[in-house]
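Report on one structure; see the data block that follows.
Everything numeric in this text was worked out from a predicted model, so none of it was measured.
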Amino acid sequence: MLDKTFDPKTVEPRLYAAWEDSGAFAPKDDPSAEPFSIVIPPPNVTGSLHIGHALNNTLQDVLTRFERMRGKAALWLPGTDHAGIATQMVVERQLAAQGNMSRRDMTRDEFVAKVWEWKAQSGGRIVHQLRRLGASCDWSRERFTLDEGLSAAVRKVFVQLYKEKLLYRDKRLVNWDPQFQTAISDLEVEQREVDGQYWHFAYPLEDGSGEIVVATTRPETMLGDTAVAVHPSDERYTHLIGKAVRLPIVNRPIPIIADEYPDPEKGSGAVKITPAHDFNDFIVGKRHNLPAINVMDEFARINANAPEAYRGLDRFKARAKVVEEFEQLGLLRGIEKTRHVVPHGDRSGVPVEPFLTDQWYVNAKVLAQPAIKAVEEGTTTMVPKHWEKTFFEWLRNIEPWCVSRQLWWGHRIPAWYGPDGKVFVAETEAEAKAQALEVYGHEEPLRQDEDVLDTWFSSALWPFSTLGWPEKTGDLARFYPTSVLITAGDIIFFWVARMMMQGLHFMGEVPFKRVFFNALVRDAEGKKMSKTKGNVMDPLELVDDYGADALRFTLTAMSGHQRDIKLSRQRIEGYRNFGTKLWNAARFCQANGCERAEGFDPAKVGLPLNRWIVGQTARTARAVTEALEECAFDDAASALYRFIWNVYCDWYVELSKPILKGEDAAAQAETQATAAWVLDQIMLLLHPVMPFLTEELWAQTAASGAARGHTGFLMTAPWPQLGAGLVDPAAEAEIELIVAAIREGRSVRDELNVPNSARPPLLVIEADDAQRRTLEAAAGSIGLMLRVSEVRSEAAAPEGAIPFVVEGATLALPVAEFIDLTAERARLAKEIAAHTQDIERTAKKLSNPDFIARAPEEVVDENRERLAEAEAAKAKLESALGRLKAVV
RNA sequence: GGGCGGCUAGCUCAGCUGGUCAGAGCACCUGGUUUACACCCAGGGGGUCGGGGGUUCGAACCCCUCGCCGCCCACCA
């Protein structure tokens, strides 16, 4: 006998180990099986499982398990990302904590060795946490973005793009993170609104004839000013164009130039131009051939290009000093408080500095075109659809992608420099040397580029590099393009778009046919979870408290097309209860001898109740299948929930009780077999979402084993394929009538406060023969569920009987002695009012000639029927009310 | 400034290509020791579908407009 409740704590680890040991997570070898593949969004190797991962990976597992059961060769390929900056930070922090040793106190090789050491010890914790969720990844294929195969892929891509001139080295302004002393890409810059001020500085004219006032929020950059720009149409300054100002402090003459860039409406209309420290100024500088004077070093300290007194000063100290000096010089014309946005490094949190350096760039504009086209043509589709707009918006306005990082942890850039600075890009040093030999005619020492690649450069290759590319592996041939990508929307640019670009470029095919963007999980109040707010929900803790299945079902059920999910413990608890409900239904079946019968054919059952539940099962199987095919996870979950709880448990099990406990052996046997068969279908259909509970039930209902035609795990059992032929409309009509009679009858009893102990008969007053037969045949169930003594036909409702109308039939409960007449009058009046409203609305519609003329015929007919039914029901109730009044 | 989402019962949300579409779960109220389940069962109350306008025989659903809420992108003169 099953325990009273399912115990996830003991079952989950046991089952997971058993699945994993059995090899069931690997795709089956059968070459005729259709492939299905998902590559995991590789979590940072430093990461630990958060609720967003739980959502994302639950959905991947649901699809993987579903497709595996459907007989496909299903591969869910796991792995982790080396996460350049994040990991380097973690290890640096750890080093600092341990022995005050900084990365800069050791060689690059020593530091990288430390990181690997760290990775071996504590990296990849997250992949173990994924197992707790039940993730059926093929761990034998697990990859890491820095492992040898993936590194080879990175080098090959770099070299090829370079040869194709889609990757190049360029000196231009980058977003520089002074905290980490590295360039970062546009996407890693976060705009934060902060308090700041404008300082208005007067720059004296060289000829002593006056001054021109400029405003700035970054006074320290004036040390690198090389011009002052005014708008050509700005009459205030026309006469100054071509003259020069003498830059204070620096004491350098710089020209006043005319350019379209300054906005005469803003500030003084004159703008200081610092090409080396401002993106707009850089462009202006190019136009006018201005020198770009870089006045900072990689720590954002003032460098030797500035006057002596400033050298070595931090940018903010320099700022204060510049302001002070302007004041002393009597050239400070004003200070104005402002609130403005300042770009910050998303990892470091410090303001980034536009910085003039040599970096490697990818020509994303070119690579973007096929990616745009693939989505436009639907080769790759996005769910929810609106993400496609976001995708297009970014790709159509894409800028060159800065891919070099001044870090140590990552893929070292495969470029070598000769003594004269000539660059040789090659997959190996040997090749680079060979190239150099060609050029120089003799051997020259080469120096490899110190930088590493943006982490996302390797992530972009993930869908094919993990399958073995550039080798022509069997996996690559079989599983690329992958079937679907499930990811969070916040990395659509970082990752999804770049995979599209690289996948199309190197494989000639999209990396995935469909992308599902899962929502962002927030707390119950809708706030973003964060450690500082203390509202983080730890998925592992939730698994401990409610079981993995409850969490999985919750996340699945809530993952509609919303942008975010508000998660509460209460929800999870509700779905935990759902699991228990099913568990107990199985327990009921077990206690009542419900086992699969050898050779059981659902199409051949005879009892209407059984024909009905078989049909409902077929409908549900179809609904769940279709939903999962469309990534409509919430629809799948709600179809399951409804069927299991509100159909199988609430009605089928209840209605079957008299049969199971009754005398008719044939009916009993058929019902036992049917109940067990349906329960099996339920386990199968629910398994992708609740794998543990269903697998355990499957094992514990082993009495059905032989008849199942499948030995071994539920997770490898075939997905139900139930034809529409199993739906029997006649059986449906019968059960619907019984259900409606019980519902209505209960409502009557409750509203009139008929005591539970009362056992009146249910009288069938007006009904067609079929209805009469159905109700009488179901007397056992109705008796039990409606607490009536019998179901019997009667020509007319006796005095004081309470009538109610169901599917056009009039039934009555003779309970006059128990009831409060006032309550009954109120009940009847309420019913009548509801019908009256319906009648009015429908009649109004039907009296509209335009409606009759223009609405489709079936809609008109439908309304006519509806009106007739409502009028009939109302009439019956009114006569009942009339009789009631007569009695009083 | 540009773009995107959302605004439906107290709360969280379903309602796809306009015609039983006004729903579900939770919460709430009432009643239940019916041997599957109190992590349960039965019944009940509750919404002029953000405001306004329009298209239509008919709009929560389509169009326009306004209003909030949230997100993304751009933007340190």
Considering every strand and a 4.0 Å limit on heavy-atom distances, what is the contact class for Arg749(A): base, sugar-phosphate, or nothing? nothing
Check this for me: does the side-chain of Arg571(A) come within 3.5 Å of the base of U12(B) through a donor and an acceptor? yes
Under 4.0 Å between any heavy atoms, over every strand shown, what does Asp263(A) touch: base, sugar-phosphate, or nothing? Just pick one. base
So what does Gln191(A) hit on the nucleic acid, given a heavy-atom distance under 4.0 Å: a base, only sugar-phosphate, or nothing? base
Heavy-atom contacts under 4.0 Å between residues 386-399 of chain A and RNA chain B, which residues? His386(A), Lys389(A)
Is the gap between the ring centers of Phe516(A) and Phe633(A) under 6.0 Å? yes
Which nucleotide in the list C39(B), U20(B), A77(B) gets nearest to the side chain of Arg576(A)? C39(B)
Hey, what are the protein-to-nucleotides 36-38 of chain B N/O distances that come in under 3.5 Å?
from   : atom 1 : to        : atom 2 : distance (Å)
A36(B) : O2'    : Asn584(A) : OD1    : 2.8
A36(B) : O2'    : Arg587(A) : NH1    : 2.9
A36(B) : N6     : Cys649(A) : O      : 3.4
A36(B) : N6     : Glu654(A) : OE2    : 2.9
A36(B) : N3     : Asn584(A) : O      : 3.0
A36(B) : N3     : Ala585(A) : N      : 3.3
C37(B) : O4'    : Asn584(A) : OD1    : 3.0
C37(B) : O2     : Lys581(A) : NZ     : 2.8
C37(B) : N3     : Lys581(A) : NZ     : 2.8

Candidate nucleotides G31(B), C13(B), A77(B), ranked by approach to the side chain of Lys566(A) - the nearest: C13(B)
Tyr641(A) ring center near Tyr575(A) ring center (under 6.0 Å): yes
What's Arg746(A) touching, base or sugar-phosphate or nothing? Going by heavy atoms closer than 4.0 Å. sugar-phosphate
Given G45(B), G19(B), G25(B), identify the nucleotide with an atom nearest to the side chain of Tyr641(A). G25(B)
Which residues satisfy the side-chain contact (heavy atoms from CB on, under 4.5 Å) test with Lys566(A), sequence neighbours excluded? none
Could you please name the option among A77(B), G31(B), G44(B) that lies closest to any side-chain atom of Lys830(A)? G44(B)
Could you tell me whether Phe578(A) contacts a base, only the sugar-phosphate backbone, or nothing, with contacts defined as non-hydrogen atoms closer than 4.0 Å? nothing
Under 4.0 Å, counting only non-hydrogen atoms across every strand here, what does Pro262(A) touch: a base, just sugar-phosphate, or nothing? base
